[in-house]
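To keep things clear, I will list the structure first and then write my remarks on it.
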Amino acid sequence: MLPAPPPFSHGDFVAVLSRCATLAHLKQLHAHSVVTARASTQPTTFHLLRFASLRLSCLPYARRLFDSTPYPNVFLYSAMLSAYAAASPAQAYARDALALFLRMLRRVRSAPNQFVYPLVLRAACVVGVQLVKSIHSHAYKSGFHAHDVIRTSLLDGYSRYGMMLDARKLFDGLTDRNVVSWTALLSGYTRAGKVGDAIVLFERMPERDVAAWNAMIAGCTQNGLFLEALGICSRMVEEGFRPNGTTVACVLSACGHLGMLKIGKVIHGYAWRSYVGFGSSVVNGLIDMYGKCGTLKGARWMFDEFSDKSLTTWNCLINCLALHGHSKSAIAVFGEMRDAGIEPDEVTFVGLLNACTHGGFVDEGLTYFELMCDELGIEPEIEHYGCIIDLLGRAARFEDVMNVIKDMKVQPDEVIWGSLLNACRIHRQLELAEFAIRKLMQLNPNNVNYVVMLANLYSEGGSWEQVTKIRKLMQEDMGKKVPGCSWIEVDRKTHMFYSGDDTHPVSEDICNTLVELAASMEMCQD
DNA sequence: ATAGGGTTAG
């Protein structure tokens, strides 16, 4: 029999714990605590549990520590709940967290306190608004709803489900409004698409911190206001705040959407110099930015160098390859991803199906769609139907297209009919095109572009009677038409082009180059 | 010990 280990003060224990770097170290200390009978005290279990979950992200071990305690106190419950709350992805342990809360309510010794509600609400948020409501009423009955932190959690919960009136009510009822509550309300408005309200709120905020700036920047990019996002970021820097990884990720996304490679590179340089760290959201943002700006080598390089690849990392690369017509590479990366044991999600398939469309791989695309629905059990969304209709339409399989549209569980939207229309134009299907345009006009009667399309269609088809009829319609509407526009930055000068616009000084050269490009693209597909 | 900000999509 070995002699008992020497006694250990609580201070020694905490000091040793802080030097643990691996689960093996922690297990040794745990074993030592068992032998010295320290493990049966709740403060010890509390420290071991927090360390296992927050520093080592080993939740199963944390849960075993918790389960080894016969009558856990509130501290242990909340330590376990914050372990679940900190886990990523958020929904992974939400149900465990809620089950633990229910168990807590049945025990006499561990009535929830004010610290427990925010943790449980975080889990409730990702499960459903019904749970947020239940916990709200529970907090009301137990009298904890008066705490500002709990009200802020509730505010956040309602705002995630677009219930801005309830969120506003909670905000107005707070005794002290701080940056956190202002930011929670602001994000609610941007998630609901009310950027205008959010900007008003942002300007009126008495105090801002980095998270508040980030919320405003993210709110802009999520609503397509990319230039505004960049503007707010520079304002943030001017006012003396240091952008962090979250800021960088949002701003990179804006650069990608705008095709602003130069600014994107400046941000990359900032990330490097300022030690914001190359965490997954920054790296994913870089892959996306380089990819969208056409620097696929840069995107691929970032991808290969990054060891902590997540599902999103793979999705970014597949999507960028598909976007630029590198269909075979995109499909190959999808294969690599599966070999690496990463389970694709609905976003992966949007990119993959897009790749199949651009490469003309019709049957392959349909096979992947089946794989998604039947084998992986992913419910197709309107995005996927958009891809499939594009895929079939470009291959002139109009009967199949109509069957897909008929069998869809979701209502067809403008993109669906737009894809069909596009296919009809390629294959000169006048009748079906007219049908699609009429559907589009029903969905969006204010868009005069559809009338123009119809006119173009008839003039191409040669039915002069109809052209004159439509011309009349157009004359009434043309004044309202907003011309399509694109732009490119060359040597710090922005050149803008409207559709059908030949006023640029070198317009002829540009058009000739476009013809050449189209020819060489045909020659070297993928 | 508790609350707010994060990248990918037809």
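Naming convention: chains lettered A, B, ... in sequence-line order (proteins, then strands); numbering from 1 in each chain.
The side chain of A:Thr313 contributes no N or O atom lying less than 4.0 Å from OP1 or OP2 of B:dT7. Contact between the side-chain N/O atoms of A:Gln114 and the OP1/OP2 oxygens of B:dA1 is not found at any separation under 4.0 Å. Taking 4.0 angstrom as the limit, A:Asn319 places a side-chain polar atom (N or O) nearer than this to OP1 or OP2 of B:dA9. Taking 4.0 angstrom as the limit, A:Lys309 places none of its side-chain polar atoms (N or O) nearer than this to OP1 or OP2 of B:dT7. Contact between the side-chain N/O atoms of A:Arg122 and the OP1/OP2 oxygens of B:dT2 is not found at any separation under 4.0 Å. Distances shown here put a side-chain N or O of A:His257 below 4.0 Å from the OP1 or OP2 atom of B:dT8.
Residue-level contact check: A:Ile416 touches the bases, meaning some heavy atom is under 4.0 Å from a base atom. Using a 4.0 Å heavy-atom cutoff across all strands shown, A:Asp345 reaches no nucleic acid atom at all. Here A:Ala212 lies in heavy-atom contact (under 4.0 Å) with a base. The residue A:Thr312 sits close to a base: some heavy atom pair falls under 4.0 Å. Within 4.0 Å of A:Asn113, counting heavy atoms only, lies at least one base atom of the nucleic acid. Nucleic acid contact for A:Arg191: sugar-phosphate only, since backbone atoms but no base atoms lie under 4.0 Å from a heavy atom of the residue. In this structure, A:Ser78 reaches the bases: a heavy-atom distance under 4.0 Å links it to at least one base atom across the strands shown. The residue A:Val179 sits close to a base: some heavy atom pair falls under 4.0 Å. Using a 4.0 Å heavy-atom criterion, one finds that A:Thr247 contacts no nucleic acid atom at all. If you check every strand for non-hydrogen atoms under 4.0 Å, A:Val210 touches a base. A:Ile382 comes within 4.0 angstrom of a nucleotide base, judged by non-hydrogen atoms across all strands.
Each of B:dT7, B:dG10, B:dG4 was ranked by its minimum atom distance to the side chain of A:Gln222; first place goes to B:dT7. Nearest nucleotide to the side chain of A:Cys250, out of B:dT7, B:dA9, B:dT2: B:dT7. In the set B:dT8, B:dA3, B:dG4, the nucleotide with an atom closest to the side chain of A:Val347 is B:dT8. The A:Asn284 side chain lies nearest to B:dT7 when the options are B:dT7, B:dT2, B:dA9. With distances taken from any side-chain atom of A:Val415 to the nucleotides B:dG10, B:dG5, B:dT8, the minimum falls on B:dG10.
A cation-pi contact, defined as under 6.0 Å to the ring centre and within 45° of the axis, links A:Arg177 to A:Phe171. Stacking of A:Arg208 on the aromatic ring of A:Phe202 is recorded, both the 6.0 Å distance cut-off and the 45° axial limit being met.
In this structure, A:Phe75 packs face-to-face on the six-membered ring of B:dA1, meeting both the 5.5 Å centre cutoff and the 30° plane limit.
Screening A:Leu286, A:Val347, A:Ile287, A:Val283 for a side chain to side chain contact (heavy atoms under 4.5 Å, CB included) involving A:Cys316 leaves a single residue, A:Ile287.
Ring geometry for A:Tyr140 versus A:His145: interplanar angle of 30 to 60°, hence tilted. Ring geometry for A:Tyr117 against A:Phe101 counts as perpendicular: the plane angle is over 60°, on a 0 to 90° scale with 30° as the lower cut.
No hydrogens or angles were tested; on distance alone, a donor-acceptor pair under 3.5 Å links the side chain of A:Asp413 to the base of B:dG10. Counting atom types as modelled, A:Asn178 pairs a side-chain N or O with a base atom of B:dA3 as donor and acceptor under 3.5 Å. Interface remark: the A:Asn214 side chain does not form any donor-acceptor pair with the B:dG4 base, using a distance-only criterion of under 3.5 Å.
Rounded to an integer number of Å, the gap from CD1 of A:Ile389 to P of B:dA9 is 20 Å. A:Asn244 places its CG atom 16 Å from the P atom of B:dG4, with the value rounded to the nearest Å. Whole-Å rounding puts the A:Ile150 CD1 to B:dA3 C1' distance at 10 Å. When rounded to the nearest whole Å, the span between CZ of A:Arg50 and P of B:dA1 equals 6 Å. Between A:Glu381 atom CD and B:dA9 atom P the separation is 13 Å, expressed in whole Å. Nucleotide B:dA9 holds its C1' atom 13 Å from the NE2 atom of A:His358, rounded to whole Å. In this structure, CZ of A:Arg160 is placed 12 Å from P of B:dA3, rounded to the nearest angstrom. One interatomic measurement links the two molecules: CD of A:Glu346 to P of B:dA9, which rounds to 13 Å at whole-angstrom precision.
At a threshold of 4.0 Å, the pair A:Glu381-A:Lys409 does not count as salt-bridged, since none of the basic side-chain nitrogens sits closer than that to a carboxylate oxygen. The existence of a salt bridge linking A:Lys439 and A:Asp413 is excluded, since no basic side-chain nitrogen approaches an acidic carboxylate oxygen closer than 4.0 Å.
Judged by distance alone, the side chain of A:His384 and the main-chain N or O of A:Phe349 form no donor-acceptor pair under 3.5 Å.
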